[in-house]
2 protein chains.
Amino acid sequence: MNQLPQDFAELEARITAEYGALSRRLQQTARFLLDNPQEVAFATVAKLADRAGVTPSTLIRFANSFGFKGFSEMQQLFRTRLVDELPNYAERIRAVRTATGETPDSTQLLWEFAEANRDVLEALPSRIDPHDLERALDLLEQAEIVHVLGARRSFVVASYFAYALHHIDKRAFLIDGLGGMHGEQMKAVGPRDAMLVVSFSPYAQETQDAAAEAKERGIPMVVITDSSLSPLARLADVSLVVHEAEVKSFRGLTASLCLAQTLAIALGVRQDKASEPAHDEAKAKG
Amino acid sequence: MNQLPQDFAELEARITAEYGALSRRLQQTARFLLDNPQEVAFATVAKLADRAGVTPSTLIRFANSFGFKGFSEMQQLFRTRLVDELPNYAERIRAVRTATGETPDSTQLLWEFAEANRDVLEALPSRIDPHDLERALDLLEQAEIVHVLGARRSFVVASYFAYALHHIDKRAFLIDGLGGMHGEQMKAVGPRDAMLVVSFSPYAQETQDAAAEAKERGIPMVVITDSSLSPLARLADVSLVVHEAEVKSFRGLTASLCLAQTLAIALGVRQDKASEPAHDEAKAKG
DNA sequence: GTAGGTATGGAATTTTTATTCCATGGCGAC
DNA sequence: GTCGCCATGGAATAAAAATTCCATACCTAC
């Protein structure tokens, strides 16, 4: 039996170090414990076991395998951690907010970014017209294939959206311009498809060209952009305008990604409903 | 029986208001509870009774007299207080839930996502150790070229980081595995370079392989991942652990991107300082 | 394929903890 | 001074929770 850890940090280090040597269930337990330390501090063995997807026995075994006499003994570390660390949490916020004296600039920056992005997310939902959101979903739902386009900074959002569509089993292609083949990739867009275009100032020329072509061919198009005056907005069937945070003249992508995430999952929900109409009717009646 | 308080603040107010009307022992209990809320959150009735200088019965009676079914029910308020950093958190959720009665599902989803991502951003800065952040920046600053690696979901973060590095004039390459050439791209990593690896559960094999190779070759490595138990964490020189929001079993990327943004810009700030040392010295003297 | 060992789940058991109940003691009213 | 009520303490009881133990499933090695 090993020497037992004296505080949470020590325990965390031990768990991390020996993680590979643990059995499947104990690994599962380890992940849960380190991911949800707050919950562990309060809840009972039975509840935690349930949440972690293991049996109570496993939790006990886990504690034993790290030298504790029982689960309760290990739980103590989770509790004292909460008590020890909380008091200086509030202080840390205050310290960072007020003076940069002690904290490194980088941490100060992190707080600023987090705050700026939070503010943006706060404003986002009320800035998006529910009606536009529904129309965008209509277009995407009816499309056989969704082609996603975004260059430079917008490429991040575009690639995420394409990724997310794959995960809800919606056919999607990312127009990435690989090999300078923007034009060629646009030719692969069929008449029953739709496009989702992401573009922010200063609106990449290749994106504008592609969007113009799509408009001409009558391809349904949803645009995520940063202003209703954007050249992309006038080409779109539905345009969703997001305002991103700016710190040190660097723009974020938080709001756009949140919106992309929402579009993808809302689309997934719709598809589920469409493929299981019986379930929905039953609910409506009941 | 009175309406029972919903949170700690409410309870505190009630106790304060009715303090004068309580019996001697109950007053004694009240004082102890409000003076040692942390202790109350964890300890057992017997221990608390002992510490407060009253009998267990008194504690129960105290709880009952404020409308609780038992002491445990009251204790819950002391516990949630410790966990909830934000007192009006619960209210906010309720407000969103109720206010969206009329709106379509998609807008409802948008609110939920925005909310979840906001919460994540709130927790992010305090979860990142300033020391780790500085060390990560040290590694990146000293590197001649930064190679950025991330597959599937993490690719979004990786591509954003590579993009951001270009904008602060830091040489960067994105290891994208194009044409199945992960291995070949790794060969291009030089001895004076560094790597930034992004990987989330279920940790893409190609990323793990590449990271293992980098480790073997002694390439400095910063990892952004989702758990200290991640297989990537043990390979890294510095690992930054982020917790992402999850809605409808879909994980976000907000926190990771915010962190990537911070790293890039903090690095940019450092580079500026390094290239204008006179400015810095002047500040130190002044 | 089989035997041995290990990991796991679940029920039984023990321990801990919360709550109830009643006997006693203090305090004020008559 | 005595009666009655309310507060109080402490033991008894009930409830909940932790832990143990055993049967079984699952691997691994031969």
Side-chain angles (χ1 to χ4, degrees), chain A residues 1-2 4-5 11 14-15 18-33 36-80 82-83, chain B residues 1-2 4-5 11 14-15 18-33 36-80 82 229:
Chain A
M1 196 157 290
N2 279 304
L4 81 172
L11 174 63
R14 279 276 307 278
I15 295 178
E18 296 171 28
Y19 179 73
L22 297 174
S23 73
R24 192 172 61 93
R25 282 297 195 230
L26 291 192
Q27 286 191 353
Q28 185 179 344
T29 306
R31 267 177 275 127
F32 176 79
L33 294 181
N36 309 68
Q38 282 188 350
E39 212 170 330
V40 176
F42 292 119
T44 67
V45 170
K47 283 197 187 103
L48 292 173
D50 193 51
R51 287 268 296 127
V54 300
T55 57
S57 323
T58 308
L59 286 183
I60 312 284
R61 271 194 292 269
F62 184 91
N64 289 146
S65 80
F66 281 91
F68 299 99
K69 219 185 136 197
F71 179 81
S72 306
E73 196 176 307
M74 185 176 78
Q75 193 180 35
Q76 273 311 119
L77 296 189
F78 284 78
R79 295 185 166 181
T80 53
L82 213 55
V83 172
Chain B
M1 196 159 288
N2 277 306
L4 82 172
L11 174 63
R14 280 276 306 278
I15 294 178
E18 297 171 27
Y19 180 75
L22 297 174
S23 73
R24 191 173 63 91
R25 283 295 195 229
L26 291 192
Q27 286 191 353
Q28 185 180 345
T29 306
R31 265 178 275 126
F32 176 78
L33 294 180
N36 309 66
Q38 281 189 351
E39 212 170 331
V40 176
F42 292 119
T44 65
V45 170
K47 283 195 186 105
L48 292 173
D50 192 50
R51 286 268 295 126
V54 300
T55 59
S57 322
T58 309
L59 286 183
I60 312 285
R61 270 194 291 270
F62 184 90
N64 288 147
S65 79
F66 281 91
F68 299 99
K69 217 186 140 195
F71 178 80
S72 306
E73 196 175 307
M74 185 176 78
Q75 194 180 32
Q76 272 310 119
L77 297 189
F78 284 79
R79 294 185 165 182
T80 53
L82 220 52
L229 294 177

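Throughout, protein chains are lettered first and strands after them, A, B, ... in sequence-line order, and every chain is numbered starting at 1. Here the structure is a predicted model, which is why all the values come from computation and not from measurement.
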Asker: Please give, in whole Å, the distance from dT17(C) P to Leu48(B) CG?
Answerer: 11 Å

Asker: Please list all pairs meeting ring pair (Phe, Tyr, Trp, His ring centres under 6.0 Å) that have one or both residues in residues 42-63 of chain B, counting only residues at least two apart or in different chains.
Answerer: Phe42(A)-Phe42(B), Phe62(B)-Phe66(B)

Asker: Compute whether any side-chain donor of one residue and acceptor of the other, for Arg31(A) and Gln28(A), lie under 3.5 angstrom apart.
Answerer: no

Asker: Which residues pass the side-chain contact (heavy atoms from CB on, under 4.5 Å) test with Ser72(B), sequence neighbours left out?
Answerer: none

Asker: Not counting sequence neighbours, which residues clear ring-ring contact (aromatic ring centres under 6.0 Å, His included) with Phe71(A)? List them please.
Answerer: none

Asker: Calculate the interatomic distance between Phe62(A) atom CZ and dG9(C) atom C1'; express it in whole Å.
Answerer: 18 Å

Asker: Between dC6(D) atom C1' and Arg24(B) atom CZ, what is the distance in whole Å?
Answerer: 13 Å

Asker: For Asn36(A), check side-chain contact (heavy atoms from CB on, under 4.5 Å) against everything at least two apart and list the hits.
Answerer: Phe32(A), Glu39(A), Arg51(A)

Asker: OP1 or OP2 of dG9(D) less than 4.0 angstrom from a side-chain nitrogen or oxygen of Arg25(B), does that happen here?
Answerer: yes

Asker: Ala46(A): which residues meet the side-chain contact (heavy atoms from CB on, under 4.5 Å) condition with it, sequence neighbours left out?
Answerer: Thr44(A)

Asker: What contact category does Ser23(A) fall into here, base, sugar-phosphate, or nothing, at under 4.0 angstrom with non-hydrogen atoms?
Answerer: sugar-phosphate

Asker: Could you state the CG-C1' distance from Leu22(B) to dT8(D), rounded to the nearest angstrom?
Answerer: 15 Å

Asker: Assign a letter to each nucleotide of nucleotides 13-22 of chain D from its 5' end: B, base within under 4.0 Å of a protein heavy atom; S, sugar-phosphate only; -, no contact.
Answerer: ----SSBB--

